[in-house]
Amino acid sequence: MKTAPLLAATALALFAPASFAQTKAPDPARLKTTVEKLVSFGTRHTLSSATDPKRGIGAARKWGAAEFEKISKGCGGCLKVEMVEDRFTGPRAPDGVNVVDVLAIQRGTGDPNQVVIVAGHIDSRVSDVMDFTSDAPGANDDASGTALVIEAARVLAGEKFDGTIVYALLSGEEQGLWGGKLLAATAKARGWQVRAMLNNDIVGNTLGQNGSIVDQRVRVFSEGARSAEDIKAAMTRRGIGGEDDSPSRALAKKIDGIAAGNPAIGLDVFAVRRPDRFGRGGDHTPLLEAGYPAVRFSVGVENYDRQHQDLRTENGREYGDTVSAMDFPYLAKVTALNVAALRDLASAPAAPATVSLDGAVSSDTKVMWDAVPGAVAYRIRWRKADAQDWTDSRIVKDATETLLKDVIVDDTFIGVAAVSASGAESIVTFGGMAPRK
C-alpha cells in the first residue's frame, strides 16, 4: 500500500458539510400539537389497554403509525411503516405484556443495511410504576421524544441518503427498557449495521427543579468503557488509552461538532461522559449492550416534580408531567440538532472497521486503516494525549495508510473517519496497535 499525500488546501472545501440554515426547520407549533395528541390518550402505560380505540398505549401506537403513514404518502411511499413486537415478563409486568415498537424505515440508496436510528419512547407512567389506570400524560417523558422522532421524519422524508434512517417509537421503557431491547434484537436479526442510535428521552423542558432556566444547552450522554466488550477488549483499550474514544463517545463528539458548526440551531452540546444520568438508564442502553454506537439526548436541566408523578398540587406546588411545563421552541432546537445529525450520519460512509498505528521507538507514526465502501477520502485526526478533543487533521485520498512525520505515538491519540463525496464524515475510529509480524 502506498502512503498518501495531503490534499491541497483548496480540496478541503469539498469536504465542508452543508449549513443547517439551508435546510427545512422543525416547527414548534406542530411539535406542541403532537405532544397534546399523545397526552390526549390519557395514559400510555405499557400495561394499559392495547385495544381501546381512544385511551391507552394501543391507541397511541396506532396513531403514531398512522402519522408515519401520512408522511410516507406525502413522499410517494418513502417510509415503510411496521410494528414489531415480542412478549416480556419481569417485576414490572409479572403476568407478561406484549411490547410493540413502531418503526418507519427510510431505505438508503446505497447500502440499506447501513442504518441510523432516532428513537423516543411512547409509554408513560405516574408515581406508582404499576398504576396503569390513572392519567399519565407523559408530556415531557417521553411524548417530547416521540414528537421529535415524528417531526424528524416529516422534515427528512423525501430526501435521499446513502444509508437507511429508522424512526422508532418504543414501548416498555418504564417497565424495563424493553422497547430498546426489542429494537436491538430487531437490528441483530435483520443484519443492520447500526452507525448510530440517537435516543431522545425528556427533551422538552427548560425550567429546572431549582428555578433555573437552561434553553441554550442539551446534554448528550455517552459510554466510555464499552458495555459490550469482553476482558480482552477491555485490556486492549487500557493498553492504547482508548477510554474516551469508544464508538459511543466518538458519536457524542461528532454531535457536539455538528452543533458547533451549525450556530443557527442555537444549542450547545454538553457532552456528559457517562452512559446516562447518575444511576439511571434509557432505551439506548440495550443498543450499547448489543455493541452499537448509541447516545442519549436529554434536557440541559430537569424538573423532577414533572417526572413520574401523580397529577396533584401540594402546598401550591404542581406535580405531574403536563404540557404546560414544556418549552416547544426549545424542543424544536433539539429536533433540529437530531435532524442535522441524522442527515450527516446517513450521508456518511461507515466508520473504518479498524485503525492500526505503528511508531514505537520512532519520531513518526504510521497510520493504517481498512478501506470503507463509498468513501472518497479519509480524515486522519490526532491530538495530544492529555487533550479530550481532536486538534489536528489531514485528508487522505486513494490510500489506506499515511505517515505522520514528527508525531510521536507515545504522546498522541490518533483516529480515522471515512468521508463521502458530499463531505459527510463517519464517526472516528480510534487507533490501536498494529499486529506484530
Side-chain angles (χ1 to χ4, degrees), residues 24-75 79 81-83 99-104 118-126 132-157 167-174 179 199-205 283 297 299 306-309 311 320-336 338-339:
K24 191 163 50 172
D27 182 357
R30 196 161 56 193
L31 286 160
K32 182 179 181 183
T33 298
T34 300
V35 171
E36 289 174 337
K37 179 62 179 180
L38 289 161
V39 169
S40 75
F41 293 106
T43 179
R44 304 186 308 278
H45 193 287
T46 300
L47 304 184
S48 63
S49 174
T51 57
D52 190 304
K54 294 183 178 180
R55 181 180 177 87
I57 187 70
R61 287 189 298 234
K62 289 174 184 175
W63 177 83
E67 288 300 293
F68 283 141
E69 292 286 7
K70 287 179 189 176
I71 296 167
S72 183
K73 186 176 180 180
C75 61
L79 302 180
V81 183
E82 57 183 293
M83 293 187 178
V99 170
V100 181
D101 289 345
V102 181
L103 307 181
V118 60
H121 73 85
I122 199 169
D123 57 304
S124 64
R125 58 165 286 192
V126 288
F132 59 88
T133 59
S134 297
D135 281 349
N140 198 23
D141 185 15
D142 185 35
S144 66
T146 300
L148 181 154
V149 172
I150 295 171
E151 184 72 1
R154 288 189 178 114
V155 171
L156 293 172
Y167 308 93
L169 310 182
L170 309 178
S171 302
E173 195 269 354
E174 304 289 6
N199 181 35
N200 289 270
D201 196 350
I202 308 177
V203 287
N205 75 278
D283 275 319
F297 287 76
V299 292
R306 298 292 190 168
Q307 298 174 20
H308 299 177
Q309 295 284 350
L311 294 169
D321 190 356
T322 59
V323 176
S324 62
M326 293 181 63
D327 182 333
F328 290 97
Y330 174 81
L331 177 56
K333 291 194 289 188
V334 181
T335 305
N338 272 261
V339 165

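Along the sequence shown, the residues carry numbers beginning at 1. None of the values given here were measured: they were computed from a predicted structure.
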Side chain to side chain contact (heavy atoms under 4.5 Å, CB included) assessment of N200 paired with V118: CA-CA 8 Å; N200 289 270; V118 60; 3.7 Å; yes
Rounding to 0.5 Å, atoms OG (S171) and CE (M83) come to a distance of 8.5 Å
At their closest point, which heavy atom of A168 faces which heavy atom of L103, and how far apart are they? CB-CD2, 3.6 Å
Keeping S72 on the side-chain end and F68 on the backbone end, is there a donor-acceptor pair under 3.5 Å? no
Once you round to the nearest 0.5 Å, how far does OG1 of T46 lie from CG of D123? 3.5 Å
Nearest non-hydrogen partners of I122 and L169, listed with the distance: CD1-CD1, 4.5 Å
Step through the shown structure and confirm whether more than 12 heavy atoms of other residues, nucleotides or ligands are within 6.0 Å of CZ on F132. no
Pair D327, N205: side-chain N/O donor-acceptor within cut-off below 3.5 Å: no
Any side-chain heavy-atom pair of F41 and K54 under 4.5 Å: no
Let's go through V102 and W63 carefully: what are the C-alpha distance in whole Å and the side-chain angles of both, what is the deciding distance for side chain to side chain contact (heavy atoms under 4.5 Å, CB included) to 0.1 Å, and is it a yes or a no? CA-CA 10 Å; V102 181; W63 177 83; over 6 Å; no
Side-chain contact test, heavy atoms from C-beta onward, threshold under 4.5 Å: evaluate it for T335 versus F328 and give yes or no. no
Quick one, H121 with D141, criterion side-chain hydrogen bond (donor to acceptor under 3.5 Å, both in side chains). Give me CA distance, side-chain angles, the key distance, then yes/no. CA-CA 8 Å; H121 73 85; D141 185 15; 3.0 Å; yes
Less than 4.0 Å between a side-chain N and a carboxylate O, is that true for R55 and D135? yes
Output the distance between atom CZ (F297) and atom CG (N338), rounded to the nearest 0.5 Å. 4.0 Å
Just how far is it from atom CG of L47 to atom CD of E174, taken to the nearest 0.5 Å? 11.5 Å
With a 4.5 Å limit on heavy-atom distance, are the side chains of K32 and E36 in contact? yes
Do T133 and S48 have side-chain heavy atoms sitting under 4.5 Å apart? no
In plain terms, say whether E67 and R154 are close enough for a salt bridge, that is, a side-chain N and a carboxylate O under 4.0 Å apart. yes
What's the separation between atom CD1 in I150 and atom CD1 in I71, rounded to the nearest 0.5 Å? 6.5 Å
Are the side chains of N140 and R306 in contact, using a 4.5 Å heavy-atom criterion? no
Tell me if a side-chain donor or acceptor on R44 pairs with a main-chain N or O of I57 at a distance below 3.5 Å. no
Taking all atoms of both residues into account, what is the closest heavy-atom pair of A59 and P53, and its distance? CB-O, 3.6 Å
Using side-chain heavy atoms (C-beta onward) and a distance below 4.5 Å, is D321 in contact with Q309? no
Would you mind reporting whether S124 and E173 have side-chain heavy atoms less than 4.5 Å apart? no
Distance check, rounded to the nearest 0.5 Å: R61 atom CZ versus L170 atom CG? 11.0 Å
Nearest non-hydrogen partners of L38 and A147, listed with the distance: CD1-N, 4.5 Å
Test side chain to side chain contact (heavy atoms under 4.5 Å, CB included) on L311 and T322; report intermediate values, then the result. CA-CA 9 Å; L311 294 169; T322 59; 3.6 Å; yes
CA sep, side-chain torsions, deciding dist, call: D201, D283, side chain to side chain contact (heavy atoms under 4.5 Å, CB included): CA-CA 9 Å; D201 196 350; D283 275 319; 5.7 Å; no
Flag side-chain contact, heavy atom, 4.5 Å: L31 against D27: no
Scanning both residues in full, the closest heavy-atom pair of E151 with P26 reads OE2-CA, 3.5 Å
Which heavy atom in L79 sits nearest to a heavy atom in A153, and how many Å separate them? CD1-CB, 4.5 Å
